[in-house]
Colleague: 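Shown below is the structure under consideration.
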Amino acid sequence: MKTPGALLEAMRETAPLVQNITNFVSMNVMANVLLAAGASPAMVHAREEAAEFAALASALTINIGTLSPPWVDAMKAAAKTASDAGKPWVLDPVAVGATSYRRQTGAELLALRPGIVRGNASEILALAAEGGAGKGVDSGDTVQTAEAAARAIAGETGGVVAVTGPEDFVTDGARVARVDNGHALMPKVTALGCALTGVVAAFASTAEDPFEATVAALAFYGLAGEKAAARAEGPGSFAVAFLDALATVDGATLDAGARIA
Amino acid sequence: MKTPGALLEAMRETAPLVQNITNFVSMNVMANVLLAAGASPAMVHAREEAAEFAALASALTINIGTLSPPWVDAMKAAAKTASDAGKPWVLDPVAVGATSYRRQTGAELLALRPGIVRGNASEILALAAEGGAGKGVDSGDTVQTAEAAARAIAGETGGVVAVTGPEDFVTDGARVARVDNGHALMPKVTALGCALTGVVAAFASTAEDPFEATVAALAFYGLAGEKAAARAEGPGSFAVAFLDALATVDGATLDAGARIA
Amino acid sequence: MKTPGALLEAMRETAPLVQNITNFVSMNVMANVLLAAGASPAMVHAREEAAEFAALASALTINIGTLSPPWVDAMKAAAKTASDAGKPWVLDPVAVGATSYRRQTGAELLALRPGIVRGNASEILALAAEGGAGKGVDSGDTVQTAEAAARAIAGETGGVVAVTGPEDFVTDGARVARVDNGHALMPKVTALGCALTGVVAAFASTAEDPFEATVAALAFYGLAGEKAAARAEGPGSFAVAFLDALATVDGATLDAGARIA
């Protein structure tokens with residue numbers, strides 16, 4: 001078993017090409033977060049090229065934040081290409097419970113068996129068809145209430161599920177971990193959850209164990225948030241310091257600061 | 001009548017879910033501005049779900065900055081849902097005079113009677129079909145030249161119209177207010193006008209009087225701009241400090257700093 | 001022949017309206033960069049209005065970063081309008097070698113003879129159909145390896161080609177220049193290359209000689225990067241300081257700091 005810091009260093013050495021089919025709100029932040037963390041992002045979502053590009057990329061993320069029919073086609077084709085090639089793909093079911101279009105698309109993507117699913121508690125609950133109180137992108141439920149739903153999804157996909165919040169919960173059906181890094185300013189910056197999904201994919205593309213990769217990525221992300229918060233005076237300066245921190249935290253710092261149980 | 005500060009505090013207590021059908025340039029900024037101000041943003045614009053989501057949201061904004069036929073369909077459907085449910089929706093007619101596609105879409109949306117319209121002087125003039133010298137998103141006209149156009153639009157919709165610029169002008173046809181808060185760096189950051197429209201919607205969703213809500217939102221926004229400018233060395237650092245200021249200005253600070261005539 | 005500083009001041013005096021058909025990742029940054037530099041940006045890409053708007057704009061940029069069939073139609077129509085009106089249009093062939101859709105679209109746009117092409121080495125190599133090692137948006141090739149490809153493209157279009165990297169290379173087929181301004185943090189912020197394309201267009205719209213305009217824009221951009229890096233602690237604070245620097249560098253500073261050979 002590798003430490004989170006060792007997984008971070010391994011990811012940075014490769015600078016994996018992470019393809020993201022993600023919502024319009026998050027694209028810029030997600031690219032900057034991946035660059036700062038040490039990966040190489042590419043936003044390629046067109047039906048005409050998404051699957052072809054997935055064959056080149058080291059990992060893929062699919063985020064349902066802003067859907068349209070051609071994008072849903074591209075998502076499915078790219079997910080299949082990634083799965084067939086044995087590359088990790090990560091599903092981010094943004095606000096999946098809010099509309100029937102999202103519920104349907106979320107279910108269709110889940111059926112393609114994402115290697116990892118990352119969402120907030122309301123999203124994981126809705127994806128497991130157990131309801132969920134979040135109507136928008138913010139979670140109205142606690143992480144704890146979504147633990148059973150996370151296990152159920154992991155049982156269905158055979159993959160990893162991460163429920164993120166004040167304390168994150170990660171399971172692959174058999175193992176369980178809780179990551180206590182992070183800061184209250186993080187949900188005050190839009191798309192930091194979406195961008196985290198990209199970091200999870202980057203770690204997963206260079207680690208052997210997707211469960212370990214997910215846990216390490218969450219600890220890294222949360223620790224960078226803590227470092228940034230110490231220098232911030234509000235959400236604006238926090239977002240800036242967060243990118244600086246993602247580029248600064250190294251393997252040793254991560255191993256010293258990770259709070260994983 | 002409530003003070004601007006009381007309206008700000010009331011908005012924050014509810015953290016209203018504001019749905020935005022807005023242009024690609026503004027999505028991220030608008031979400032961050034709404035989060036910093038204390039609201040809960042959601043960018044939901046797909047024809048397949050926009051109207052369904054409008055039934056969940058507390059307020060809706062429609063911004064014509066980057067149009068396409070499926071989005072125009074979604075805009076109309078969402079506007080009707082909001083109107084039918086008695087929820088405020090705010091029209092932002094970005095560069096409405098620049099092309100025939102925008103002029104037509106602007107007119108069609110205006111016919112659906114937005115509760116509030118917010119634009120710069122060139123946009124309000126063009127929307128009232130009185131010309132306007134702005135070809136792009138920047139205004140080539142002064143606020144004063146658009147006052148009559150604003151009154152005409154308010155007469156047509158029965159709603160509120162705000163013309164923003166160095167000094168903002170607000171009217172509901174009967175009442176008139178001028179808001180003198182703001183700073184010259186604000187138009188040097190892209191999409192701050194678009195994001196303001198979201199803040200107006202957030203205030204309107206929790207206030208009884210849309211005219212008062214609009215005036216309070218403009219004063220709040222301009223005051224945050226003044227606070228930010230005091231700490232900025234250019235448009236980059238201004239944008240960061242502005243988000244911090246939106247999260248920091250409270251009701252008492254707003255009531256002390258608002259310059260409304 | 002005018003100095004870079006004189007060209008900068010001339011651009012700022014006009015505040016040219018630059019239309020950008022660009023990818024979703026870059027839109028916000030590109031607009032902020034153009035505003036900070038002193039131009040007036042407009043993101044207008046819909047098939048229903050792009051060509052009509054091109055008749056109003058002073059310059060046009062076309063970036064293939066996130067393609068779709070209606071956008072490709074709009075790109076071609078807008079490029080033709082700009083060409084017919086004798087206005088400069090600049091092609092940014094983002095990741096053109098990555099997929100067949102990009103290769104085809106890149107070739108079709110090149111056939112419309114852009115006045116200026118700006119890309120990294122891998123992109124210029126791929127556009128000239130000489131391969132290129134970059135699979136994503138980051139370059140896997142050195143600027144030097146793409147010099148012959150740049151000359152070949154310039155010979156085909158009759159225009160200017162710029163290969164940007166640690167040291168930039170510019171040619172119009174006859175003349176050659178190398179610009180040594182810049183900083184290693186610049187490729188760590190997403191879309192700064194895309195945004196540079198907009199600045200090149202702004203300079204070209206107000207200069208007589210597109211070759212001189214391109215060289216001046218690259219020196220200006222790189223110098224702002226150097227000033228920003230002196231104040232940055234990572235990619236987040238660099239991006240903020242960079243916008244401040246773009247607004248601060250004036251003609252005299254540029255002439256003193258430009259390193260052009």
Side-chain angles (χ1 to χ4, degrees), chain A residues 15-58 66 68 70-71 74 189 195 224 227-228 231-232 236-249, chain C residues 22-32 43 63-72 94-106 122 133-140 184-195 231-244:
Chain A
L17 180 61
V18 181
Q19 177 183 3
N20 305 290
I21 306 181
T22 190
N23 68 76
F24 298 117
V25 186
S26 74
M27 285 189 183
N28 186 272
V29 179
M30 199 167 179
N32 276 327
V33 159
L34 282 165
L35 281 170
S40 179
M43 274 57 189
V44 181
H45 49 251
R47 192 161 46 179
E48 288 75 12
E49 62 175 358
E52 183 182 349
F53 196 88
L56 300 175
S58 300
T66 50
S68 65
W71 283 44
V189 179
K227 304 273 184 203
R231 313 186 61 165
S237 48
F238 174 78
V240 172
F242 182 61
L243 289 174
D244 285 357
L246 286 171
T248 310
V249 170
Chain C
T22 191
N23 67 75
F24 298 117
V25 186
S26 74
M27 284 189 183
N28 186 272
V29 179
M30 200 167 178
N32 276 327
M43 275 54 189
N63 175 307
I64 67 165
T66 50
L67 292 171
S68 65
W71 283 45
V72 174
V94 175
V96 67
T99 65
S100 57
Y101 189 44
R102 281 167 200 252
R103 282 189 293 274
Q104 185 193 327
T105 305
S122 296
K135 286 178 178 168
V137 297
D138 301 321
S139 185
L185 274 169
M186 297 180 83
K188 291 294 173 194
V189 179
T190 199
L192 285 200
C194 308
R231 313 186 60 165
E233 296 175 47
S237 48
F238 174 77
V240 173
F242 182 61
L243 289 175
D244 285 357

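Labels below follow one simple rule: chain letters A, B, ... track the order of the sequence lines, proteins then strands, and each chain is numbered from 1.
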Colleague: Of all heavy-atom pairs between C:Thr99 and A:Glu49, which one has the smallest distance, and what is that distance?
Modeller: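 Heavy-atom minimum between the residues: OG1-OE1, 2.6 Å.
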Colleague: Hey, what do you get for NE2 (A:His45) to CG (C:Leu67), rounding to the nearest 0.5 Å?
Modeller: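 If I round to the nearest 0.5 Å, the distance is 8.5 Å.
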Colleague: Got a second to check how far C:Ser68's OG is from A:Glu48's CD, nearest 0.5 Å?
Modeller: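 With rounding to 0.5 Å, OG (C:Ser68) is 7.5 Å from CD (A:Glu48).
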Colleague: Does CZ in C:Arg231 sit with more than 12 non-hydrogen atoms of other residues, nucleotides or ligands closer than 6.0 Å?
Modeller: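 Incorrect, the count does not exceed 12.
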Colleague: Write down the atom of A:Glu52, the atom of C:Ser100, and the distance for their closest heavy-atom approach.
Modeller: OE2-N, 3.0 Å
Colleague: Hey, which of A:Leu243, A:Val44, A:Asp244 has the most heavy atom pairs under 4.5 Å with chain C?
Modeller: A:Asp244
Colleague: Heavy atoms only: give me the nearest A:Val240-C:Val240 pair and the separation to one decimal.
Modeller: CG2-CG2, 3.6 Å
Colleague: Looking only at heavy atoms, what is the nearest atom pair of C:Glu233 and A:Thr248, with distance?
Modeller: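 It is O-OG1, 4.4 Å.
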Colleague: CG/C:Leu185 to CG/A:Leu35 distance, rounded to the nearest 0.5 angstrom?
Modeller: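 It comes to 11.5 Å.
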Colleague: Applying the side chain to side chain contact (heavy atoms under 4.5 Å, CB included) criterion to A:Met43, which one of C:Thr190, C:Val25, C:Asn23 satisfies it?
Modeller: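 Among C:Thr190, C:Val25, C:Asn23, the one that satisfies the side chain to side chain contact (heavy atoms under 4.5 Å, CB included) with A:Met43 is C:Val25.
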